[in-house]
Amino acid sequence: MKKIVIAIDGFSSNGKSTMAKSLAKEIGYIYIDSGAMYRAITLYCIKQGLFNDGKLNEKGLQDRINDIKVEFQINKSSGTPDTYLNGENVESQIRNMEVSSKVSAVSAIPFVRHAMVALQQEMGEKKGIVMDGRDIGTVVFPDAELKIFVTAEAEIRAQRRFDELRSKGDTKTTFEEVLENLKSRDHMDQTRAESPLVKADDAILLDNSYMTIDEQMQWLVEKFKQITTN
Ligand code: DC
């Protein structure tokens with residue numbers, strides 16, 4: 001069966017990573033969470049003290065960008081890739097609220113995007129990959145054979161992220177804070193000058209507000225089969 005590239009884009013916290021991960025597992029493809037790469041760079045900036053009073057020292061980041069190594073390694077117990085920053089497993093650190101609130105600023109910087117896009121394109125050279133993000137179908141893999149654009153209502157997405165934070169032991173963050181963070185990220189993702197979040201013309205729209213994970217999977221596998229068996 002021919003191998004293809006699957007690009008899954010959409011708003012934050014709409015379950016696209018979970019969806020992309022399960023799809024990759026089901027069809028034996030590599031899964032790459034491109035958002036994790038921007039999160040890892042953001043964590044690097046926080047650790048290096050490049051944020052002062054919430055403002056990023058862009059010049060400081062530019063001077064160091066070639067020293068930052070972002071990689072993925074399969075976690076033997078979960079079977080899915082964990083994110084590594086300069087050799088350290090940062091998979092859980094990159095999901096915290098501090099990173100979430102600063103990542104939009106970092107991912108809007110052109111030199112950061114250029115470096116990450118080049119890395120992502122390299123990862124997809126051999127195809128057989130499912131990558132999720134914001135610009136995968138538009139910028140990273142404009143020729144991807146299957147493009148999905150995922151959306152869901154903001155309150156539903158906030159509830160999902162809130163439940164996830166609680167399940168990971170975060171008892172402090174309120175639902176309102178999660179909703180605010182999500183809305184401001186939606187806005188920044190859609191209005192930034194460099195590669196704004198936009199649906200590719202040839203992407204298929206999936207609104208999963210009222211779909212179960214199983215229904216989504218069935219829908220996705222169906223689309224995958226239509227393309228790979230024709
Ligand atoms: O998918 P996520 O919430 O983990 O993404 C984190 C941030 O990175 C989000 O604010 C948008 C940005 N991002 C991006 O600009 N381009 C991508 N391909 C993936 C994520």
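Atoms within a ligand are numbered from 1 in the order they appear, just like the ligands themselves.
Put simply, the side chain of D53 never gets that close to the backbone of K55: no donor and acceptor are under 3.5 Å apart. Checking side-chain atoms of Q190 against main-chain N and O of L197 turns up no donor-acceptor pair under 3.5 Å.
A salt bridge is defined here as a Lys NZ or Arg NE, NH1 or NH2 lying under 4.0 Å from an Asp or Glu carboxylate O, and R157 with D186 meets this definition. A salt bridge links E164 to K168: at least one charged side-chain nitrogen sits closer than 4.0 Å to a carboxylate oxygen.
Within 4.0 Å of ligand 1, protein heavy atoms belong to S12, K16, S34, G35, Y38, R39, V103, S104, S107, R113, G133, R134, D135, I136, R185, D189, R192, listed by chain and number.
A pairwise comparison of heavy atoms in S195 and V139 identifies OG-CG2, 3.7 Å as the closest pair.
Annotation: side-chain hydrogen bond (donor to acceptor under 3.5 Å, both in side chains) contacts involving residues 3-16, sequence neighbours excluded, comprise S13-R161.
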